[in-house]
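Small disclaimer: the values here were computed from a predicted structure and weren't measured.
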Amino acid sequence: DGLFLVQRPTPGQPWRMDHWEPDGSLTFCSNGTRAAAALVDTQGEQSLNSSGSEVQIRIAPGEVGLRLPEGPGFDVKENPLALDVPHAFGWTGTPHLVLDVPDTQALDLETLAPPLRFHPDLPEGANVSFVQVLEPGRARIRSWERGVEGETLCCGQGAAVAGAWLAQRTGLRSWVFQPAGADSVRVSVASMVQGVWSQLWIGGPVRRLGRVELDASILERLAWNVCGTC
């Protein structure tokens, strides 16, 4: 649901990557960053810059973990809107609204999500995720993403905010989420203090599905467009 351009590191500099949504907006995407990080040559933990956000990644065979940005402004606020269900708003570099519902599978996201995604009390709008707790430490999640303007198989940052919020509510600091896609994602957080997280990680499988060789004319136009915005 997006396009990454990846720049290999120069001496003393981290990997750099930029992500564009289908609507052309430049955003930080955690799952996309995890997928793009599979191109990194070395395993273990290291830093990279993704759409302007400095993050840590942890690469192991077949999976990639990502530590979300943290510090002032990166937090979870409970019940900021006048809604009938428990909810929270989180900022990870992009805005996320998470709602606790009885049954995610029964929801009509095409009807429910857009009014929340464009809620008038959220100036930048928000990605919207609906969470159903199945048992302690395990939940379902469905997400409607801005830029895509539709449901996606998994919103990594939405799951991360949901995990941080559930950790704050329950004291359980590790959660496994089953999104609309086949692969589950794991979220863990070291601590939550007044909604501010420390060491918020999301991880899960990453598989290379194939290789695409772009026509030379496309690469030429892409290079011109990128240089034309410098």
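- With sequence neighbours left out, the side-chain hydrogen bond (donor to acceptor under 3.5 Å, both in side chains) criterion links Gln199 to no other residue.
- Within the structure, side-chain hydrogen bond (donor to acceptor under 3.5 Å, both in side chains) contacts touching residues 159-176 (residues at least two apart or in different chains) are Glu78-Trp165, Glu78-Gln168, Asp100-Arg169.
- For Asp23, the side-chain contact (heavy atoms from CB on, under 4.5 Å) test picks out Glu21, Ser25, with sequence neighbours left out.
- Shown are Asn127, Thr33, Thr94; of these, the side chain to side chain donor-acceptor pair (under 3.5 Å) with Gln157 is made only by Thr94.
- Residues passing the side-chain contact (heavy atoms from CB on, under 4.5 Å) test with Val196, sequence neighbours excluded: Asp75.
- Residues satisfying the side-chain contact (heavy atoms from CB on, under 4.5 Å) criterion with Arg208, sequence neighbours excluded, are Leu39.
- When all heavy atoms are compared, the tightest approach of Pro136 to Leu172 is CB-CD1, 3.6 Å.
- Pro80 meets the side-chain contact (heavy atoms from CB on, under 4.5 Å) test with His87, Phe89; sequence neighbours excluded.
- Pairs passing the salt bridge (Lys or Arg N to Asp or Glu O under 4.0 Å) check and including a residue from residues 80-94, sequence neighbours excluded, do not occur.
- Checked by atom type, the side-chain pair His19/Ser51 shows no donor-acceptor distance below 3.5 Å.
- The hydrophobic cluster analysis finds Val193 isolated: no Ile, Leu, Val, Met, Phe, Trp or Tyr side chain comes under 4.5 Å of it, directly or through other members.
- A side-chain donor-acceptor contact under 3.5 Å links Gln56 and Ser47.
- In terms of the side-chain hydrogen bond (donor to acceptor under 3.5 Å, both in side chains) criterion, residue partners of Glu63 (sequence neighbours excluded) are, by chain and number, Arg186.
- Residues that satisfy the salt bridge (Lys or Arg N to Asp or Glu O under 4.0 Å) test with Glu124, not counting sequence neighbours, are absent from this structure.
- Annotation: salt bridge (Lys or Arg N to Asp or Glu O under 4.0 Å) contacts involving residues 148-164, sequence neighbours excluded, comprise Arg117-Glu149, Arg142-Glu151.
- With sequence neighbours excluded, no residue forms a salt bridge (Lys or Arg N to Asp or Glu O under 4.0 Å) with Arg140.
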